[in-house]
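One structure is given here, and the rest of the page talks about it.
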Amino acid sequence: MAKNINKKPVPVVKPKPQAAPENGPLVMHPKIPAWLYDFKIQAYIVAALAFIFYINTVTNESAHDDLIVIVQNEYVLEGFAGIPEIFTKDAYDSYYRQYNSSNQLAGGRYRPLSILTFAIEQQFMDPIPKSKIDSFFNHSMTFGVKDPHEKVLLHDMHIRHFFNVIWFTLCVLVLLYFLRYIVFKNNPIMALIAAIIFAIHPIHTEVVANVKSRDEIMSLLFLCLTFIFAFKYSELKDKKFLWASLFSYLLAFLSKEYAITMIVLLPLSFYLFDKRTLQKSIIDTLPYIGVVIVYVIMRLQVVTSANPDSNAEILNNPYAFAVGSEKLATEIATTLNYLKLLIFPHPLSADYSYNQIPYKDFSHPLVWLSLIVHIGIIWGFFYYFKKRSVVCFAIAFYLLNLGMICNIIFDIGATMGERLIFHSSVGFAIALAYFLYRGMEKIKPEPLGVASLAGFMVIVIVLCGFKTMERNLEWKNDFTLFSADIKVAPNSVMVNANVAASLIDKADFEKTPSLKEHDLREGIRLLNKAITLHPTYVIAYLNKGLTFFKLGMPDSEMVCLDRARELYPNHPKLPEMYYNTGVTFYLHKQYPQAINAWQTTLKLKPDYSQAQSAINVLKASMQPK
């Protein structure tokens, strides 16, 4: 028999290790301890991180919008008695009423659920009867503590800060369960990584440290519960879970408007994680449309259209001065700032209002860089959609929530805000956790990959912990917050004006006349800068007038008040300020000017009896005897 000399040996091909399927059965990594897969252990880890990172906010006072949403919100201060108003009024109705104004923001603000929690807290602390509300507003939260009344307010804010930490910790726990049960059902370690990234991210300091932003926390909490109950209903076919899901969805809407994104995210999750067809995923979402309708009806009954004049106010409409394509170009470029802060959260600021982010046109490179980046992200959505990958859901979660706050689709009355990226950061955390874990799998040998991932997470936790706890302290009150932020946002009208206001208050507590005068002069300098940036900024003129009053310069004070009166004739503070100016003129023996100031007080408020009495006494004393 002849030999087959052309016959060659068949090479042996070793199969490459394959990553665990994203939606398959649970696969445990051989080099990761089994106990780390347990939900209770993971819950202890993320809860401890959330609590430890933010517990130092408990010593904080009120800052930023806490004053108008909580401290001086009459419906909150009434406790249980204010609840009917909370559910039937705009979120800022009390603030508008106190300043003789109407809705200043496009679309209004209907977010009663978080305000309800503030009222419940107030009921167990010290509710204020409606009959005493007006006298309560004569007091104000200023720099330092002046009397027992303010000590009570500060004590109450400490309690509210503690509850905000509890709400955030609860939100992180529910998010962890949502990630384990739905998004990373076969990979609890990815779920843990994502939950940790979310819990420790410094960009969330505004949401937790600023009590007013509890609406963000509650919104995400109830959105996650909506997902969880919806999937529980699919798994167990028990209608109580369907009703629980629908109710959670309504609570998410009553927390904040982000809930509308669920109309896309919920069917997408059914398609990606429950392996339903697209058609069935959409059909199974139809009951949730009913909740949308209920919410829209409730909202339309409460929210009124914005005051027509408010659209011209740059602090309510940050693009009021934009020309041509500047508005759209600036919105596109600004959207990239959110991604930058998610990747590298430094420096942080509570305010990005006019003119901290200058207008741009389509010749600016940042506009095109933002377009390229976001087009790439959108391409990634469709690429991973075909694969039914979790990355597709992460991108959708990021982009849909970003679309709610980027101004391109809806005008939100602000250029940008760190609290506004709270929901989108979930998508960022999911995607980052996915790629970190997949990256670990590619590192060989396996122990080195696990050690690399663990080391990376430890470093990130330590760095984020330092940044977060440091930033929490800056949120102590308006003075500490805006004194820090003026270094980051030196061209913001609001930041300059707020630092000035804090210095004006702080001057009352200085121990020497020279320090007091220094604070007041610095306040004037910052107010002048705010006015240069925004020449029709009424509050800056009022505060500048107050500063001149404290310096004993009534002529300069009168100029400021006259300008404020020209811009805002019915401002409720003007009668009192004109009266005090008259008193200063009187003390300087400038009697005609004093009478003029008091007469202006009476023009603004005819029943201001003190002004009329002062005029009568002064005129009588000037009569020849």
Whether the Asn477 and Asn60 side chains hold a donor-acceptor pair (N or O, under 3.5 Å, no angle test) is what I'd like checked. no

Could you grab the distance from atom OH of Tyr54 to atom OG1 of Thr169, nearest 0.5 Å is fine? 10.0 Å

Between Ile70 and Leu77, which heavy-atom pair has the shortest distance, and what is it? O-CD2, 4.1 Å

Going by salt bridge (charged side-chain N to carboxylate O under 4.0 Å, His left out), name the residues that satisfy it together with Lys256, two or more places apart in sequence or in a different chain. Glu216

Looking at every non-hydrogen atom in both residues, tell me the closest pair between Ile115 and Ala91 and how far apart they are. CD1-CB, 3.8 Å

Ser483 meets the side chain to side chain contact (heavy atoms under 4.5 Å, CB included) criterion, sequence neighbours left out, with Phe479, Val499

Partner set under side chain to side chain contact (heavy atoms under 4.5 Å, CB included) for Cys171, not counting sequence neighbours: Ile217, Leu220, Leu221

Test of understanding: with side chain to side chain contact (heavy atoms under 4.5 Å, CB included), list the residues that count as partners of Asp478, not counting sequence neighbours. Ala63, Phe482, Ser502

Taking the six-membered ring for Trp, are Tyr383 and Trp379 ring centroids under 6.0 Å apart? yes

Given side chains that start at C-beta, do those of Leu242 and Tyr288 come closer than 4.5 Å, heavy atoms only? yes

Taking the side chain as everything from C-beta on, heavy atoms only, tell me whether Leu448 gets closer than 4.5 Å to Pro445. yes

Determine, for Arg214 against Glu121, whether the closest basic-nitrogen to carboxylate-oxygen distance falls under 4.0 angstrom. yes

side-chain hydrogen bond (donor to acceptor under 3.5 Å, both in side chains) with Asn472: which of Thr59, Asn56, Thr57? Asn56

Would you say that Ile120 contacts Phe80 through its side chain, given a criterion of any heavy-atom pair below 4.5 Å between the two side chains? yes

Please determine whether the number of non-hydrogen atoms from other residues, nucleotides or ligands lying under 6.0 Å from atom CZ of Phe163 exceeds 12. no

Give a yes or no on this: more than 12 heavy atoms of other residues, nucleotides or ligands lie within 6.0 Å of atom NZ of Lys240. no

OG1 on Thr468 to CD1 on Ile52, rounded to 0.5 Å: 12.5 Å

Could you check if a side-chain atom of Thr226 sits within less than 4.5 angstrom of a side-chain atom of Met262, using non-hydrogen atoms only? yes

Flag side-chain contact, heavy atom, 4.5 Å: Thr277 against Tyr271: no

When every non-hydrogen atom of Pro447 is compared with those of Lys31, the smallest separation belongs to CG-CE, 4.0 Å

Please walk me through it: do Asn210 and Ser213 pass side chain to side chain contact (heavy atoms under 4.5 Å, CB included)? CA-CA 6 Å; Asn210 189 204; Ser213 293; 3.8 Å; yes

To the nearest 0.5 angstrom, please state how far the CD1 atom of Ile430 sits from the SG atom of Cys392. 11.5 Å

Worked check of side chain to side chain contact (heavy atoms under 4.5 Å, CB included) between Val165 and Phe168: CA-CA 5 Å; Val165 176; Phe168 179 68; 5.8 Å; no

Let's go through Val450 and Leu453 carefully: what are the C-alpha distance in whole Å and the side-chain angles of both, what is the deciding distance for side chain to side chain contact (heavy atoms under 4.5 Å, CB included) to 0.1 Å, and is it a yes or a no? CA-CA 5 Å; Val450 173; Leu453 178 59; 5.9 Å; no

Within-4.5 Å side-chain heavy-atom neighbours: Ile228 and Phe241: no

Kindly write out the residues that satisfy ring-ring contact (aromatic ring centres under 6.0 Å, His included) with His423, not counting sequence neighbours, or none if the list is empty. Tyr258

Sorted by chain and number, sequence neighbours left out, side-chain hydrogen bond (donor to acceptor under 3.5 Å, both in side chains) with Ser425 holds for His204

Test your reading of the model: is there a side-chain donor-acceptor pair from Ser424 to the backbone of Tyr398, 3.5 Å cut-off? yes

Calculate, to the nearest 0.5 Å, the distance between atoms CG and NE2 belonging to Leu432 and His201 respectively. 8.5 Å

Salt-bridge criterion met for Asp38 and Lys40 (N-O under 4.0 Å): no

Would the Phe227 and Phe178 ring centres measure less than 6.0 Å apart? yes

Ignoring hydrogens and angles, write down the donor-acceptor pairs under 3.5 Å from the side chains of residues 41-51, residues two or more places apart or on other chains.
{"from": "Gln42", "atom 1": "OE1", "to": "Arg180", "atom 2": "NH1", "distance (Å)": "2.9"}
{"from": "Gln42", "atom 1": "NE2", "to": "Leu36", "atom 2": "O", "distance (Å)": "3.0"}
{"from": "Gln42", "atom 1": "NE2", "to": "Pro188", "atom 2": "O", "distance (Å)": "3.1"}

Any pair counted as salt bridge (Lys or Arg N to Asp or Glu O under 4.0 Å), so long as it reaches residues 225-236, sequence neighbours left out: none

Would you say the rings of Phe229 and Tyr233 are close, in the sense that their centroids are separated by under 6.0 Å? no

Nearest 0.5 Å, please: how far is OG1 in Thr415 from CG in Asn407? 7.0 Å

Can you tell me if Phe466 has over 12 outside heavy atoms packed within less than 6.0 Å of its CZ? no

By ring-ring contact (aromatic ring centres under 6.0 Å, His included), which residues pair with Phe39, not counting sequence neighbours? Tyr177

Indicate yes or no: at least one non-hydrogen side-chain atom of Ser269 is less than 4.5 angstrom from one of Leu272. no

Can you name the ring-ring contact (aromatic ring centres under 6.0 Å, His included) partners of Phe381, sequence neighbours left out? Phe385

Answer yes or no: are there more than 12 heavy-atom neighbours, outside Phe87 itself, under 6.0 Å from its atom CZ? yes

Specify the closest pair of heavy atoms between Val174 and Cys224, including all atoms of both residues, with the distance to one decimal. CG1-CB, 3.7 Å

Set of ring-ring contact (aromatic ring centres under 6.0 Å, His included) partners for Phe253, sequence neighbours left out: Tyr249, Tyr295

Applying side chain to side chain contact (heavy atoms under 4.5 Å, CB included) to Leu420 and Ile412, what does each step give before you reach the verdict? CA-CA 10 Å; Leu420 303 177; Ile412 64 169; 3.6 Å; yes

Between Arg160 and Asp156, is there a salt bridge with N-O shorter than 4.0 Å? no

Got a salt bridge between Arg111 and Glu257, using NZ or NE/NH1/NH2 to carboxylate O under 4.0 Å? yes

side-chain hydrogen bond (donor to acceptor under 3.5 Å, both in side chains): pairs with one or both residues in residues 343-352, sequence neighbours excluded: His346-Lys467, Asp351-Ser353, Asp351-Ser492, Tyr352-Glu418

Within the structure provided, determine whether Phe198 and Phe428 are in side-chain contact (heavy-atom separation under 4.5 Å). no

Taking the six-membered ring of Tyr92, is the NZ or CZ of Arg109 close enough (under 6.0 Å from the centre) and on axis enough (within 45°)? no

For residues Thr480 and Leu473, report the shortest heavy-atom separation together with the two atoms involved. OG1-O, 4.0 Å

Please report the closest heavy-atom contact between Ile197 and Ala433, naming both atoms and the distance. CD1-N, 4.2 Å

